[in-house]
Amino acid sequence: MAQTVNEVTDLMSDKTRRPNSKFQFSTSVKYFFMALVLGLLVLILIMGGKALRDAPPAAIYVSSQGLTAPQYRSLQQAMSQQKVSSFFTSDLQALRDISTGLAWVDQVSVSRDWQRGIVVTALPKQAVANFGTERLVDAKGAVFVPADNSDLTQERFATLQGEITQAPVIMQQMQQVNDWYVPLGIQVEDIILSPRMTWLIRFDNGLRVIVDNENTAQKLLNLSQLLSNQLSTRRDEIQSVDLRYKNGFTIAWNVSQSEIDESQQIVASEN
C-alpha cells in the first residue's frame, strides 16, 4: 500500500514539473506583433482621414414642411450660398446659426440623413400683431421682417408702435388690456409707447385712452370697471379718456352733428 502511494506521488510530481505549453513566444516576437497591429491601426486611421477629406461636398436638403413658398425660397437661397464639406465633417452648428439669422425663422433643426444629405428644417415665427408698418411681432414680443412683404400691415392684427427694444413690454401690455376689456366687447386696435413712456391706446370701437407710466395697470383696470358699471350707459358717447392724473381722469365726449348744428343756431340767433 505504501509503495502504491509513493508511485502516485511520483507521477503527480512529474506532472507538476512538465511545462504548461509546448510553444513559447519570445519577447521580440510579441513586440513585433504588437507593432504590426498598431501600424495597421494607424494606417486605417490615415486612410480613413484621407477618405473624409477627399469626399465630395454634402448635399443640403431644405425641408418645405410648415413653410410658405416665400419662406422656403428664402431659406433655400440662404443655404445654397453656403460652402459645406463632406457628409461627416460638415459643421451643422454653423448651418443652424446661419438659418436662425433669418429674421422670420424661430427654430431650426439640422441633421444628417443618408439618403437626402444634410437636412435643414425650419419653424417660422407666428405673427400676432403689426409693429409699425414694416415689421411684425410674435407672441413673445420678437420683432421681425417677414419673408413675404405682402404679410405686412395685416388688418386683422393690432398695430404696436415704439422702440424695438420695448416690443416685449408693449406686447404684454396689449395682452393685459385685452383681458381686462374683453367683457366690454372691445379690444386694442393700436397701442403706442412714446419715448416719454406715455401710453396711447385706441380700441376697435374708436375709444382712445392715454395714460402715463405711473400706476399704469391700476388706472387701466379701474377704467375698465367704471365702463362696466357707472359709465356703462354712456360708453358710446365717450370719445377719449385721459388717465394722466393722480386722483382722477378727464373724459372727452362725442359731439353729434345735430348738437353742432344746434349750437351754431344758438350762436347765430344771439348775433
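In this chain, numbering begins with 1 at the start of the sequence shown.
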Inset, instruction - May I ask you to decide whether D106 forms a salt bridge with K140, counting only side-chain N to carboxylate O separations under 4.0 Å? - result: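 A salt bridge links D106 with K140.
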Rounded to the nearest 0.5 Å, what separation is found between the [atom1] atom of [X] and the [atom2] atom of [Y]?
| X | Y | atom1 | atom2 | value |
| --- | --- | --- | --- | --- |
| L95 | S111 | CG | OG | 11.0 Å |
| S240 | W253 | OG | CH2 | 10.5 Å |
| R112 | I118 | CZ | CD1 | 6.0 Å |
| I186 | L227 | CD1 | CG | 6.5 Å |
| T233 | D236 | OG1 | CG | 10.0 Å |
| Q187 | D204 | CD | CG | 5.0 Å |

Going by heavy atoms in the side chains, are [X] and [Y] under 4.5 Å from each other?
| X | Y | answer |
| --- | --- | --- |
| R235 | S232 | yes |
| M79 | S99 | yes |
| R135 | I164 | yes |
| I238 | L207 | yes |
| T250 | Y245 | yes |
| M171 | V137 | yes |
| E189 | F203 | no |
| Q161 | I191 | no |

Would you say that more than 12 heavy atoms from the other residues, nucleotides or ligands in this model lie under 6.0 Å from the [atom1] of [X], or not?
| X | atom1 | value |
| --- | --- | --- |
| N229 | CG | yes |
| Q239 | CD | yes |
| Q175 | CD | yes |
| Q172 | CD | no |

Inset, instruction - Apply side-chain contact (heavy atoms from CB on, under 4.5 Å) to the pair I60 and V120, showing each step before the final yes or no. - result: CA-CA 7 Å; I60 299 180; V120 180; 3.9 Å; yes
Is there a path of hydrophobic side-chain contacts, each under 4.5 Å between heavy atoms of I/L/V/M/F/W/Y residues, joining [Y] to [X]?
| X | Y | value |
| --- | --- | --- |
| V108 | Y72 | yes |
| V143 | V169 | yes |
| I251 | L226 | yes |
| V128 | I201 | yes |
| F157 | L160 | no |

Does [Y] offer a backbone N or O that forms a donor-acceptor pair with the side chain of [X] under 3.5 Å?
| X | Y | answer |
| --- | --- | --- |
| D148 | D151 | no |
| N215 | K219 | no |
| K125 | L136 | no |
| E237 | R234 | no |

Legend entry - NZ or CZ of R244 within 45° of W199 ring axis and under 6.0 Å: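 The answer is no, since R244 fails at least one limit relative to W199.
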Inset, instruction - Could you check T121, L123, L75, V105 and say which one makes a side-chain contact (heavy atoms from CB on, under 4.5 Å) with L67? - result: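 The single option meeting the side-chain contact (heavy atoms from CB on, under 4.5 Å) with L67 is L75.
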Inset, instruction - State which residue, out of L220, T198, L200, fulfils the side-chain contact (heavy atoms from CB on, under 4.5 Å) condition with V211. - result: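 Answer after filtering L220, T198, L200: L220.
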What are the two closest non-hydrogen atoms of [X] and [Y], and how far apart are they?
| X | Y | result |
| --- | --- | --- |
| A167 | F131 | CB-CE1, 3.8 Å |
| Q230 | Q225 | OE1-O, 4.2 Å |
| L223 | V209 | CD2-CG2, 3.8 Å |
| W104 | P146 | CB-CA, 4.4 Å |
| F144 | A127 | CZ-CB, 3.9 Å |
| R202 | R208 | CG-CG, 4.0 Å |

Legend entry - Donor + acceptor pair across side chains of D97, Q93 (<3.5 Å):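 Distance-only check passes for D97 and Q93.
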Inset, instruction - Check the side chains of Q218 and N222 for a donor-acceptor pair under 3.5 angstrom, ignoring hydrogens and angles. - result: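 Looking only at side-chain atoms, Q218 and N222 do form a donor-acceptor pair, the distance falling under 3.5 Å.
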Inset, instruction - For the pair Q173 and I170, evaluate side-chain contact (heavy atoms from CB on, under 4.5 Å) and give the outcome as yes or no after the intermediate values. - result: CA-CA 5 Å; Q173 185 73 285; I170 302 173; 5.7 Å; no
Inset, instruction - Would you sort out whether S74 and L102 count as a side-chain contact (heavy atoms from CB on, under 4.5 Å), showing the intermediate values? - result: CA-CA 8 Å; S74 174; L102 298 174; 4.1 Å; yes
Inset, instruction - I would like to know whether N205 and L184 meet side-chain contact (heavy atoms from CB on, under 4.5 Å); could you show each step before the answer? - result: CA-CA 10 Å; N205 68 339; L184 303 175; over 6 Å; no
